[in-house]
Amino acid sequence: MSDRGILIVLSGPSGAGKGTICAALRQQMPNLVYSVSMTTRAPRVGEEEGVSYFFRDKEEFQRLIKEDAFLEYAQVYDNFYGTPKQHVMDLLAEGKSVILEIDIQGAMQVKERFSEAVFIYIVPPSLDILSNRLRDRGTDAADVIDKRLSKASSELALAHRYDYIVVNDVLPDAVEKVASILRAEACKIKRNKEKIQYIYKQYGGKKE
Ligand code: 5GP
């Protein structure tokens with residue numbers, strides 16, 4: 001891997017398959033750590049504290065905002081979501097790559113602070129397919145699904161701010177594409193300065 005861990009930001013509409021892609025990636029890439037976000041929304045059936053999210057009330061969330069405890073945070077629909085900062089910074093310093101599954105508002109905040117992060121937008125093949133996936137998932141009420149679909153349309157207009165776009169049509173293909181992006185990013189010259197120094201020394205040359 002590269003000198004430091006890579007900060008990877010994955011966004012896309014709910015129902016794009018980000019969670020499934022993340023889970024598959026972590027199986028393939030053991031050095032990849034998923035950052036567990038904090039949220040004020042209620043847990044859904046099957047969600048676990050500290051695994052899916054850290055579930056907190058609004059007062060606690062506001063307190064943490066004041067303490068500057070978030071790398072980024074945003075209000076998504078009617079709730080707050082944020083990335084706890086310290087844990088991510090420690091992992092990157094240890095050389096681990098960290099994946100943030102966050103919305104576009106949060107992604108743009110990360111972009112301001114970490115120009116070297118990698119931004120990937122996951123998109124379903126069509127709005128119809130997204131709509132069917134959300135309904136089949138059965139976790140959200142009809143009005144919530146409508147909100148998610150309208151957010152998906154407005155967000156897509158901003159997808160050009162990301163470095164990569166991956167259409168999640170066939171899941172294993174989408175996973176392979178994201179894995180390829182991460183492998184290529186890890187090979188970038190700018191991420192391998194220590195390795196380059198070492199190689200130059202071996203060859204008895206000098207780096208310009
Ligand atoms: P859900 O409620 O479906 O779990 O997530 C709703 C949206 O919030 C998704 O687009 C998800 O990517 C986003 N989200 C989850 N965690 C965070 C976070 O820590 N920060 C931001 N900005 N968005 C998040």
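Quick note: numbers below take in every heavy atom, side chains included, and nothing from hydrogens, waters or symmetry partners. As the structure lists them, so they are numbered: ligands from 1, and atoms in each ligand from 1.
The protein heavy-atom contact nearest to atom 3 (O) of ligand 1 is R44 NH2, 2.9 Å. When hydrogens are left out, the protein atom nearest atom 7 (C) of ligand 1 is V76 CG1, 3.8 Å; that is the closest non-hydrogen contact. In terms of protein heavy-atom proximity, atom 20 (N) of ligand 1 is closest to E72 OE2, 2.8 Å. Of all protein heavy atoms, the one lying nearest to atom 12 (O) of ligand 1 is K18 NZ, 3.2 Å. Protein heavy atom at the shortest distance from atom 6 (C) of ligand 1 is Y81 OH, 3.6 Å. Atom 19 (O) of ligand 1 has S37 OG, 2.7 Å as its closest protein atom, hydrogens excluded (heavy atom only). The protein heavy atom nearest to atom 13 (C) of ligand 1 is D103 N, 3.8 Å. For atom 15 (C) of ligand 1, the closest non-hydrogen atom on the protein side is Y53 OH, 3.2 Å.
Electrostatic pairing of D140 and R44 counts as a salt bridge here, judged by a charged N lying under 4.0 Å from a carboxylate O. Salt-bridge annotation for E176 and R183: present, with a side-chain N of the basic residue lying under 4.0 Å from a carboxylate O of the acidic one. In this structure, E49 pairs ionically with R56, as a charged nitrogen and a carboxylate oxygen lie closer than 4.0 Å. Taking the charged nitrogens against the carboxylate oxygens, R41 and E47 do have a contact shorter than 4.0 Å, which makes a salt bridge.
With a 4.0 Å cut-off on non-hydrogen atoms, I102 touches ligand 1 through its backbone as well as its side chain. The part of R148 lying near ligand 1 is the side chain, judged by heavy-atom distances below 4.0 Å.
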Check: Could you walk me through whether D143 and K147 pass the side-chain contact (heavy atoms from CB on, under 4.5 Å) check?
Finding: CA-CA 6 Å; D143 60 323; K147 272 195 202 169; 5.6 Å; no
Next item on the list: Apply the test side-chain contact (heavy atoms from CB on, under 4.5 Å) to residues V110 and F119: give CA-CA distance (whole Å), side-chain angles for both, the deciding distance (0.1 Å), then the verdict.
Entry: CA-CA 9 Å; V110 176; F119 295 85; 4.2 Å; yes
Next item on the list: Just do the side-chain contact (heavy atoms from CB on, under 4.5 Å) check on L171 and I21 with the steps written out, would you?
Entry: CA-CA 7 Å; L171 182 70; I21 291 175; 3.8 Å; yes
Item checked: CA sep, side-chain torsions, deciding dist, call: R148, Y77, side-chain contact (heavy atoms from CB on, under 4.5 Å) -> CA-CA 8 Å; R148 289 181 190 271; Y77 313 112; 3.3 Å; yes
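Residue T40 is tested with D57, D78, N79 for a side chain to side chain donor-acceptor pair (under 3.5 Å); the sole match is N79.
Heavy atoms of Q109 come nearer than 4.0 angstrom to ligand 1 in no pair at all. Residue contacts with ligand 1 do not include Q105, since none of its heavy atoms lies under 4.0 Å from the ligand. In this structure, F70 falls outside the shell of residues with a heavy atom less than 4.0 angstrom from ligand 1. Under the 4.0 angstrom criterion for non-hydrogen atoms, M38 is not in contact with ligand 1.
For the atom pair T83 OG1 and I102 CD1, the distance stands at 5.0 Å (nearest 0.5 Å). Rounding to the nearest 0.5 Å gives a distance of 9.0 Å between CG of L127 and CG of L156. We find the OG-CG distance between S35 and L92 to be 9.5 Å, quoted to the nearest 0.5 Å.
Between R41 and ligand 1, at least one pair of N/O atoms sits closer than 3.5 Å. Between K151 and ligand 1, no N or O atom pair is found at a separation short of 3.5 Å. In terms of polar-atom proximity, defined here as any N/O pair under 3.5 Å, G82 does make such a contact with ligand 1. For ligand 1, none of its N or O atoms has an N or O atom of E47 under 3.5 Å away. Polar contact with ligand 1: absent for R137 (N/O pair, distance under 3.5 Å).
Near T83, meaning under 4.0 Å from one of its heavy atoms, ligand 1 places the atoms 19 (O). When each atom of ligand 1 is checked for a heavy atom of G106 under 4.0 Å away, the hits are 22 (N). Atoms of ligand 1 found under 4.0 Å from any heavy atom of A74, numbered from 1 in the order shown, are 22 (N).
Follow the hydrophobic side-chain contacts under 4.5 Å out from L130 and you never reach I120; the two are in separate clusters.
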